[in-house]
Amino acid sequence: MPHRTSRRTLLTATAATAVAAAAGMATAPGALASPGAAHSSHTSAATTRRLKRLISRMSLEEKVGQLFVMRVYGHSATDPDQADIDANLAEIGVRTAAEMIAKYHVGGIIYFAWAHNTRDPHQIAELSNGIQRAGLAGPTPLPLLISTDQEHGIVCRVGEPATLMPGAMALGAGGSRSDARRAGRIAGAELAAIGIRQNYAPDADVNVNPANPVIGVRSFGSDPQSVAGLVAAQVKGYQSAGIAATAKHFPGHGDTSTDSHTGLPVIGHTREQWAELDAPPFRAAVAAGIDSIMTAHIVVPALDPSEDPATLSAPILTGILREELGYDGVVVTDSLGMQGVRTKYGDERVPVLAVRAGVDQLLNPPSLDVSWNALLAAVKSGEITEARLDESILRILRLKAKLGLFDRPYVTARGVDRTVGTHAHLAAADRIAERTTTLLADEGRLLPLSRRSHRNLLVVGADPASPSGTTGPPTTTLAEAFTELGFTATALSTGTAPSRAAIDAAVAAAAGKDAVVVGTYNVSATSSQRTLVSALAATGIPVITLAIRNPYDIAQLAGTGHAAHLAAYSWTDVELRAAARVIAGRVRPEGKLPVPVQRADDPSKVLYPVGYGLTY
């Protein structure tokens with residue numbers, strides 16, 4: 001049977017040739033490099049010259065647009081649902097992603113689950129291709145850099161059937177750089193297969209503040225050197241798969257009690273403390289060849305006495321990141337819609353000040369029209385020179401060239417099927433997760449649970465919304481996992497703040513059970529989760545508590561009479577199933593605390609130190 005070339009293949013080849021020609025890069029038919037191969041070599045001097053010629057042909061409006069990375073609603077670049085069209089009109093003044101690209105010439109788009117960009121892998125791949133077609137249809141054909149926050153653990157935009165890996169603090173508990181690198185390589189390959197080529201991960205913050213409301217388990221831990229090693233490993237893993245990794249949030253968001261989404265945190269570290277605590281992971285990321293670094297909307301007076309947010313600080317972004325750390329890759333802001341960057345200056349000044357400070361990519365402004373026109377006006381007035389604009393555009397285009405986007409902007413359905421959520425990837429995620437579960441207490445040597453003596457289980461506890469939008473709820477996931485392991489398990493959701501009625505219902509449901517597993521979620525001194533655990537323990541039935549987010553819960557549960565306590569660091573299925581296998585003795589607990597757990601009654605004293613973890 002003669003070989004027939006599909007229309008899709010012809011379209012892809014034609015568009016790829018067009019964009020390569022626009023950049024002055026000839027591509028021989030059939031000679032398109034794989035993403036990984038395209039990524040493996042640094043941009044050559046010849047490619048830089050071609051990119052500079054390409055920039056010289058761009059209009060000022062196209063240049064301004066290249067700096068913006070914007071959200072857009074809808075599962076399709078050209079034919080989204082009506083509700084998404086309405087949302088786009090209300091927030092952006094366009095109907096579709098394609099219209100936004102045509103009007104504003106944006107250089108990138110960020111995907112969110114809540115924007116309905118990430119229904120399933122094949123839909124995401126089609127959306128990515130539609131976005132690239134729109135970019136290549138412009139006056140200067142340019143591919144877009146499509147990004148998302150796929151940290152894994154509690155921050156995931158692409159859910160099942162993609163492979164969900166343990167999050168950063170879980171990997172910190174595992175302590176294996178090879179596991180961290182492998183997790184990054186697998187996750188990166190799956191993102192690349194669906195057209196996402198810039199991932200806002202790994203988190204390089206050193207979480208030294210247990211009360212941190214925004215980082216917590218998104219960090220690998222509290223030890224700067226351990227975090228640095230795992231950050232470097234993840235960077236190499238992601239980038240070996242052909243995507244750009246992004247270390248965040250520079251200069252370090254690990255010691256704050258304010259959430260920069262809702263306020264402007266102030267970090268009181270001295271210059272010396274910053275160098276010792278916060279800087280090592282970012283230095284390691286730069287040494288590992290990191291492609292992009294994200295700024296933090298935080299004030300660090302020791303680094304910039306003006307008390308501007310780091311995102312808008314030339315002393316921090318140019319003086320420290322560029323000059324002191326020697327970083328010449330892409331600098332991307334954290335979302336410009338966050339309150340932390342909007343408290344001191346108006347939305348029309350923020351993008352201008354960010355570019356003046358040394359930023360290349362302006363992420364997700366609240367109003368694209370306001371920010372885009374403000375930057376355009378700043379260049380026209382001479383406040384920002386066109387040469388300064390060209391510096392950022394060259395960094396962005398170099399990254400696109402390094403990722404192979406000029407040669408191969410599209411993805412294929414076959415690539416999705418061969419890569420996303422494969423049996424091998426899912427099995428690897430399970431094995432990595434098993435090495436992260438941490439056993440902190442086992443009074444009376446209850447664990448591992450025996451099916452002969454403790455077959456009949458009740459699973460209760462918090463059921464927070466799934467991090468990925470496709471897994472859970474945690475009590476159900478745990479009960480199903482125990483059932484698959486040969487136990488008889490019943491699930492009962494009691495919530496993050498169980499009422500007296502919910503506690504009474506749990507105690508009643510525990511009657512006749514051999515053991516109770518309680519999923520706890522960020523237990524505070526006043527949390528009724530403590531009352532729940534005490535009431536269940538008072539029945540005399542063995543109680544096993546599993547912290548499904550922050551590992552600090554055990555400090556608040558001391559004296560409640562529970563028999564055993566473990567930490568899972570997240571409530572995605574992969575981490576919960578691994579914890580069930582550990583509790584059931586299918587695998588031994590290997591995780592070690594990557595952060596200290598302080599005593600609840602005296603936080604100056606450590607209850608469980610870094611590196612603590614039991615096994616059997």
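What you see is a predicted model, and the numbers here were worked out from it, not measured in a lab.
Listed for the T419 side chain is a donor-acceptor partner under 3.5 Å among the backbone atoms of G415. With R197 contributing its side chain and L403 its backbone, the two residues share a donor-acceptor pair below 3.5 Å. Listed for the R577 side chain is no donor-acceptor partner under 3.5 Å among the backbone atoms of A433. A donor-acceptor contact shorter than 3.5 Å links the side chain of S292 to the backbone of A245. A distance-only check finds no donor-acceptor pair linking the side chain of S392 to the backbone of L389 [under 3.5 Å]. Using modelled atom types, one side-chain atom of Q239 and one backbone atom of G289 make a donor-acceptor pair closer than 3.5 Å. Side chain of R71 to main chain of A115: no donor-acceptor pair is present (N/O by atom type, distance under 3.5 Å, no hydrogens or angles). Side-chain atoms of E62 do not come within 3.5 Å of backbone N or O of H105 as any donor-acceptor pair. Although no hydrogens or angles enter the test, the distance criterion places no donor-acceptor pair under 3.5 Å between the side chain of K592 and the main chain of A173. The main-chain N or O of N117 is found under 3.5 Å from a side-chain atom of Q123 such that the two form a donor-acceptor pair.
Note on R322 versus D360: salt bridge recorded, some NZ/NE/NH1/NH2 to OD/OE distance being below 4.0 Å. Between R283 and E324, at least one side-chain N (NZ, or NE/NH1/NH2) sits under 4.0 Å from a carboxylate O, which counts as a salt bridge. At a threshold of 4.0 Å, the pair K248-D205 does not count as salt-bridged, since none of the basic side-chain nitrogens sits closer than that to a carboxylate oxygen.
Taking each heavy atom of V595 and V610 in turn, the nearest pair found is C-CG2, 3.6 Å. Minimum interatomic distance between P281 and V227 (heavy atoms only, all atoms of both residues): CG-CG1, 3.6 Å. Closest approach of S570 to E575, counting heavy atoms only: CB-OE1, 2.9 Å. The two residues P251 and W274 make their nearest non-hydrogen contact at O-NE1, 2.8 Å. Annotation for T148 and Y111: closest pair OG1-O, 2.9 Å, computed over non-hydrogen atoms. The two residues W571 and S466 make their nearest non-hydrogen contact at NE1-CA, 3.8 Å.
The closest side-chain heavy-atom distance from S147 to I110 is below 4.5 Å. Side chains of S226 and F220 form no contact here, defined as non-hydrogen atoms less than 4.5 Å apart. Between V214 and H261 the shortest side-chain heavy-atom distance falls below 4.5 Å. Looking at heavy atoms from C-beta onward, L375 lies in side-chain contact with V355 at the 4.5 angstrom threshold. At a threshold of 4.5 Å between non-hydrogen side-chain atoms, the residues H249 and T295 do not count as touching. By the 4.5 Å heavy-atom criterion applied to side chains, L54 and L142 are counted as neighbours. In this structure, H253 and D278 have side chains that are not in contact, with every pair of non-hydrogen atoms separated by 4.5 Å or more. I101 is listed as a side-chain neighbour of I131, based on a closest heavy-atom distance under 4.5 Å.
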Checklist entry - Would T311 and T333 count as a side-chain hydrogen bond (donor to acceptor under 3.5 Å, both in side chains) if you check the C-alpha gap in whole Å, the side-chain angles of each, and the deciding distance to 0.1 Å? => result CA-CA 6 Å; T311 297; T333 70; over 6 Å; no
Checklist entry - For L363 and L336, what are the C-alpha separation, side-chain angles and deciding distance, and is it a side chain to side chain contact (heavy atoms under 4.5 Å, CB included)? => result CA-CA 6 Å; L363 178 62; L336 296 181; 5.5 Å; no
Next on the checklist: Does I55 form a side chain to side chain contact (heavy atoms under 4.5 Å, CB included) with K63? I'd like the steps, not just the answer.
Outcome noted: CA-CA 8 Å; I55 293 168; K63 288 183 176 183; 3.8 Å; yes
Item to check | Worked check of side chain to side chain contact (heavy atoms under 4.5 Å, CB included) between T47 and F406 | outcome: CA-CA 11 Å; T47 298; F406 284 101; over 6 Å; no
Item to check | CA sep, side-chain torsions, deciding dist, call: R418, T422, side-chain hydrogen bond (donor to acceptor under 3.5 Å, both in side chains) | outcome: CA-CA 7 Å; R418 290 172 56 182; T422 64; over 6 Å; no
Checklist entry - Can you check side chain to side chain contact (heavy atoms under 4.5 Å, CB included) on F112 and R157, steps first, answer last? => result CA-CA 6 Å; F112 290 104; R157 310 303 185 208; 3.9 Å; yes
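The CD atom of E160 sits 9.0 Å away from the OG1 atom of T572 when rounded to the nearest 0.5 Å. Distance CG/D203 to CD/E151: 5.5 Å, rounded to 0.5 Å. Here the CD-CG distance, from E323 to L317, works out to 11.0 Å after rounding to the nearest 0.5 Å. Distance check: I393 CD1 to K52 NZ gives 13.0 Å after rounding to the nearest 0.5 Å. Atom CG of L593 sits about 4.5 Å away from atom OH of Y569, to the nearest 0.5 Å. Once rounded to the nearest 0.5 Å, the distance linking OH of Y200 with OG1 of T246 reads 6.5 Å.
For CZ of R177, the number of neighbouring non-hydrogen atoms (other residues, nucleotides, ligands) closer than 6.0 Å is 12 at most.
For the 3.5 Å distance criterion, the side chains of H425 and E190 qualify, holding a donor opposite an acceptor. With 3.5 Å as the limit, one finds a donor-acceptor pair spanning the side chains of S313 and D304. Using a 3.5 Å distance cut-off with no hydrogens or angles, the side chains of K400 and Q198 do not pair a donor with an acceptor. Residues Y410 and S128 bring no donor and acceptor atom of their side chains to less than 3.5 Å of each other.
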